[in-house]
Amino acid sequence: MLDAEEVRTFVNGTVHFFETATGHAATVGSPYLCIDKAAVVQDYTGVIGISGNREGKVYFTPRRGMLSVMLMCMNETDTGEQNVRDLVGEVANTISGNARRDFGRNFVISTPTICDRTNAAQAAATTGRSFIIPINWRSYSANVVVCLQ
């Protein structure tokens with residue numbers, strides 16, 4: 001299970017992503033443990049598999065409206081399905097990649113799996129307990145979920 005410093009790595013990486021990519025800071029609620037990961041899945045989910053010294057998954061799950069506004073803040077006028085899906089994967093990948101700097105080169109991240117609400121719970125399913133990191137950005141909310149053994 002993750003300790004407080006390891007959770008902070010994901011919190012800091014998430015805040016950094018939003019500030020850098022959109023020019024608007026995100027705030028983070030208090031991380032908490034959750035057994036029912038399916039309950040936090042929103043419209044889209046970018047899932048990153050983790051292997052090496054740690055095993056598990058990291059995922060970012062927002063509503064579509066948040067992704068559309070993020071794209072516009074990034075000066076992207078095409079908020080169609082493909083760009084929304086690409087963005088959710090990019091966010092998950094970047095958050096995991098930022099964490100790799102703290103966890104070391106044996107923290108191996110996979111290519112993102114992009115899901116919508118109908119198949120996200122299955123793709124994000126892991127064994128073990130997960131930390132849910134609530135993200136608030138502008139008027140939107142999302143979750144970063146970290147489940148590492």
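What you are looking at is a predicted structure, and each value in this text was computed from that prediction instead of being measured.
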Give a yes or no answer on whether the side chain of [X] reaches the backbone of [Y] with a donor-acceptor pair at less than 3.5 Å.
{"X": "Arg85", "Y": "Ile114", "result": "yes"}
{"X": "Thr61", "Y": "Tyr44", "result": "yes"}
{"X": "Asp78", "Y": "Gly80", "result": "yes"}
{"X": "Asp102", "Y": "Thr9", "result": "no"}

Test side chain to side chain contact (heavy atoms under 4.5 Å, CB included) on Glu90 and Asp86; report intermediate values, then the result. CA-CA 6 Å; Glu90 179 182 336; Asp86 287 348; over 6 Å; no

Evaluate the side chain to side chain contact (heavy atoms under 4.5 Å, CB included) criterion for residues Phe60 and Leu67: first the C-alpha distance (whole Å), next the side-chain angles of each, then the deciding distance (0.1 Å), finally the verdict. CA-CA 11 Å; Phe60 174 67; Leu67 294 167; 4.3 Å; yes

Is there a side chain to side chain contact (heavy atoms under 4.5 Å, CB included) between Val91 and Met70? Walk through the geometry before answering. CA-CA 11 Å; Val91 175; Met70 287 174 68; 3.9 Å; yes

Nearest heavy atoms of [X] and [Y], plus distance in Å:
{"X": "Cys115", "Y": "Val47", "value": "SG-CG2, 4.4 Å"}
{"X": "Ser141", "Y": "Asn136", "value": "CB-OD1, 3.6 Å"}
{"X": "Val145", "Y": "Ser130", "value": "CG1-CB, 3.8 Å"}
{"X": "Asn143", "Y": "Pro134", "value": "OD1-CA, 3.7 Å"}
{"X": "Pro62", "Y": "Val88", "value": "CD-CG2, 3.7 Å"}
{"X": "Ser68", "Y": "Thr79", "value": "O-CG2, 3.7 Å"}

Quick check for you: to the nearest 0.5 Å, what is the distance between [X] atom [atom1] and [Y] atom [atom2]?
{"X": "Ser110", "Y": "Ile50", "atom1": "OG", "atom2": "CD1", "value": "6.5 Å"}
{"X": "Ile109", "Y": "Asn93", "atom1": "CD1", "atom2": "CG", "value": "4.5 Å"}
{"X": "Tyr59", "Y": "Lys57", "atom1": "OH", "atom2": "NZ", "value": "8.5 Å"}
{"X": "Ser51", "Y": "Asn106", "atom1": "OG", "atom2": "CG", "value": "9.5 Å"}
{"X": "Leu71", "Y": "Asn83", "atom1": "CG", "atom2": "CG", "value": "5.5 Å"}
{"X": "Asp116", "Y": "Arg64", "atom1": "CG", "atom2": "CZ", "value": "11.5 Å"}

4.5 Å side-chain heavy-atom contact, [X] and [Y]:
{"X": "Met74", "Y": "Leu87", "result": "yes"}
{"X": "Arg54", "Y": "Glu6", "result": "yes"}
{"X": "Phe17", "Y": "Ile135", "result": "no"}

Please tell me whether [X] and [Y] are part of a single hydrophobic cluster in this structure, the criterion being side-chain heavy atoms less than 4.5 Å apart.
{"X": "Leu2", "Y": "Val108", "result": "no"}
{"X": "Tyr140", "Y": "Val11", "result": "yes"}
{"X": "Val15", "Y": "Trp137", "result": "yes"}

Would Val146 and Ile133 count as a side chain to side chain contact (heavy atoms under 4.5 Å, CB included) if you check the C-alpha gap in whole Å, the side-chain angles of each, and the deciding distance to 0.1 Å? CA-CA 8 Å; Val146 182; Ile133 304 170; 4.2 Å; yes

Applying salt bridge (Lys or Arg N to Asp or Glu O under 4.0 Å), which residue pairs with at least one partner in residues 16-26 are found, sequence neighbours left out?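 The answer is none; no pair qualifies.
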
Phe107: what forms a ring-ring contact (aromatic ring centres under 6.0 Å, His included) with it, not counting sequence neighbours?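 Phe107 satisfies ring-ring contact (aromatic ring centres under 6.0 Å, His included) with Phe103 once adjacent residues are dropped.
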
